[in-house]
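Throughout, a chain's letter reflects where its sequence line sits, starting with A, and its residues are numbered from 1.
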Number of protein chains: 2
Amino acid sequence: MADQVLKRRDAERTKAEILEVATQAFAEDGYSGARVDEIAERTRTTKRMIYYYFGGKEQLYLAVLEHAYRGIREAEERLEVGDLGPVDAVRRLAELTYDHHVEHQAFMRLVAIENIHRGEGVRKLEVLRDLGKPAMEVLESILDRGIADGVFRADVDALDVHLLISSYCVFQVANQYTFGYLFDVDLLADGTRPRLRAMIGDVVVAWLAAPGR
Amino acid sequence: MADQVLKRRDAERTKAEILEVATQAFAEDGYSGARVDEIAERTRTTKRMIYYYFGGKEQLYLAVLEHAYRGIREAEERLEVGDLGPVDAVRRLAELTYDHHVEHQAFMRLVAIENIHRGEGVRKLEVLRDLGKPAMEVLESILDRGIADGVFRADVDALDVHLLISSYCVFQVANQYTFGYLFDVDLLADGTRPRLRAMIGDVVVAWLAAPGR
DNA sequence: GAGTCAATGTACTAAATGGTACGTTCACGG
DNA sequence: CCGTGAACGTACCATTTAGTACATTGACTC
């Protein structure tokens, strides 16, 4: 049978819809700020179903967190720097990471919220343990090549490079409001973004090319 | 009269105590997460006084925000790089900024919370408009000297340098939990911190010393 | 086509929460 | 020493909020 367009009952669909609305709600207002009633209202179904499928507000939040992180992992696995030389590869990786953060601002908000809660949520999600691995491996291979070629200093760790790039990219999204207000700039405006996007590549390449101490 | 040690009534003291407790509460749990009742309980006085002096939860939050930013400005104004050469000065500024962030983690949490709320709070506080100025001026003069000496490239803006340093320092405090969990490191541990503290100076100096494009 | 169980809706509750009405007390000036 | 107003406390209220008891509906099986 062709699947009915107007299925009256569809557990997966209902569950998915709740998850999606909840993601928006938690990303917008934080854990305490988000309201179960409001999430329910913005759904085709009722609050009853949230408790039926997820158990409670906290479990719903955890489900949102896990789902969001999974989605990000998938997106990150598509990060390909092609067969560029190490210098161009690291610059490209930085730019792609920048784009990635700008494109997933809702996720960045969830991460910020998680950190406000001291990471209690993520710590309950075993699945995320090796989430960072793929990106790290790409970076490691680029660094190895660069060191072998003698264009990168040998005393840097892949994690340090990742930390530097992440800091920069996360900050521009996560702190855009306070920074933007205090220094009267819009970090994500069309007139600013391309320069800032290129800048992190310059920084990382300059650092990697500098002689070690 | 010598001022009484056991003043039974002291508007300033009561107000200050509420503000302090509220700062802790909001920094810990966010705006929605913090509870007016709990703030009152942890005070020598009662909830009634919060409304008497501040008007409501939102105004209390704004008072906390303003007070915190003022305190930070004072701390930042003490940032002195002495009469070092431009390279050492910029490295020292980066390290002091790093220390500054590590030492004021509660403030960093408030900033993160403000950004979750898209900066609606700070925007209501005109007083903060030129908060960034002093730090920026110090940086500008260092850069000018470095460019004049020919040791820094001429195509960088002070704000860019500040952005880079801020990103790095803010991230390590603000995202320590999720980053630490995903990559199994403690960014602020005694064994890690000194290296990360030195690293941002290396990065900035390398970037500033690199030839412009 | 009757039985069965997952899926769903309605109406409700207990507790928490921001906020306030109203009364009291203390310090200080005249 | 007394009037007066700022500073403070108690008890309360109206709403909101997470969570649930109970009834119902519909899809699928035999």
Return the value, rounded to whole Å, for the distance between atom [atom1] of [X] and atom [atom2] of [N].
| X | N | atom1 | atom2 | value |
| --- | --- | --- | --- | --- |
| A:Ile50 | D:dA18 | CD1 | C1' | 11 Å |
| A:Lys57 | D:dT20 | NZ | P | 15 Å |
| B:Met49 | C:dT24 | CE | P | 16 Å |
| A:Glu58 | D:dT17 | CD | P | 19 Å |
| B:Asp37 | D:dA11 | CG | P | 15 Å |
| A:Arg48 | C:dA7 | CZ | P | 11 Å |
| B:Ile39 | C:dG18 | CD1 | P | 8 Å |
| A:Glu41 | D:dA18 | CD | P | 12 Å |

Is there side-chain contact between [X] and [Y], with heavy atoms separated by less than 4.5 Å?
| X | Y | answer |
| --- | --- | --- |
| A:Glu120 | A:Arg123 | yes |
| B:Leu159 | A:Phe183 | yes |
| B:Met199 | B:Leu196 | yes |
| A:Phe179 | A:Gln172 | no |
| B:Leu93 | B:Leu139 | yes |

Please state whether the phosphate of [N], meaning OP1 or OP2, lies under 4.0 angstrom from any side-chain nitrogen or oxygen of [X].
| X | N | value |
| --- | --- | --- |
| B:Arg35 | C:dT17 | yes |
| A:Tyr53 | C:dA6 | no |
| B:Tyr51 | C:dT20 | no |
| A:Thr45 | C:dG9 | yes |
| A:Thr46 | C:dG9 | yes |
| A:Thr14 | C:dA7 | no |

- [ ] Answer with base, sugar-phosphate or nothing: what part of the nucleic acid does A:Phe54 contact at a heavy-atom distance below 4.0 Å?
- [x]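 Contact class for A:Phe54: none.
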Open item on the list: Under 4.0 Å, counting only non-hydrogen atoms across every strand here, what does A:Ala40 touch: a base, just sugar-phosphate, or nothing?
Closed with: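 The residue A:Ala40 makes no contact with any strand.
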Task: Pair of N/O donor and acceptor under 3.5 Å linking C:dG18 base with B:Lys47 side chain - done: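 Counting by modelled atom types and ignoring angles, a donor-acceptor contact under 3.5 Å is found here.
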TODO: Using modelled atom types only, decide if a donor and an acceptor are shared between the side chain of B:Thr192 and the backbone of B:Asp186 within a distance under 3.5 Å.
DONE: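 A pair under 3.5 Å: yes.
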Task: Degree of bending, the helix from C:dG1-D:dC30 to C:dG30-D:dC1 (end axes from five pairs; round to 10°) - done: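 End-to-end axis angle for the helix from C:dG1-D:dC30 to C:dG30-D:dC1: 10°, rounded to 10°.
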Open item on the list: Check for me whether B:Arg48 meets the cation-pi criterion with B:Tyr53, that is, NZ or CZ under 6.0 Å from the six-membered ring centre and within 45 degrees of the ring axis.
Closed with: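 No, B:Arg48 and B:Tyr53 do not form such a contact.
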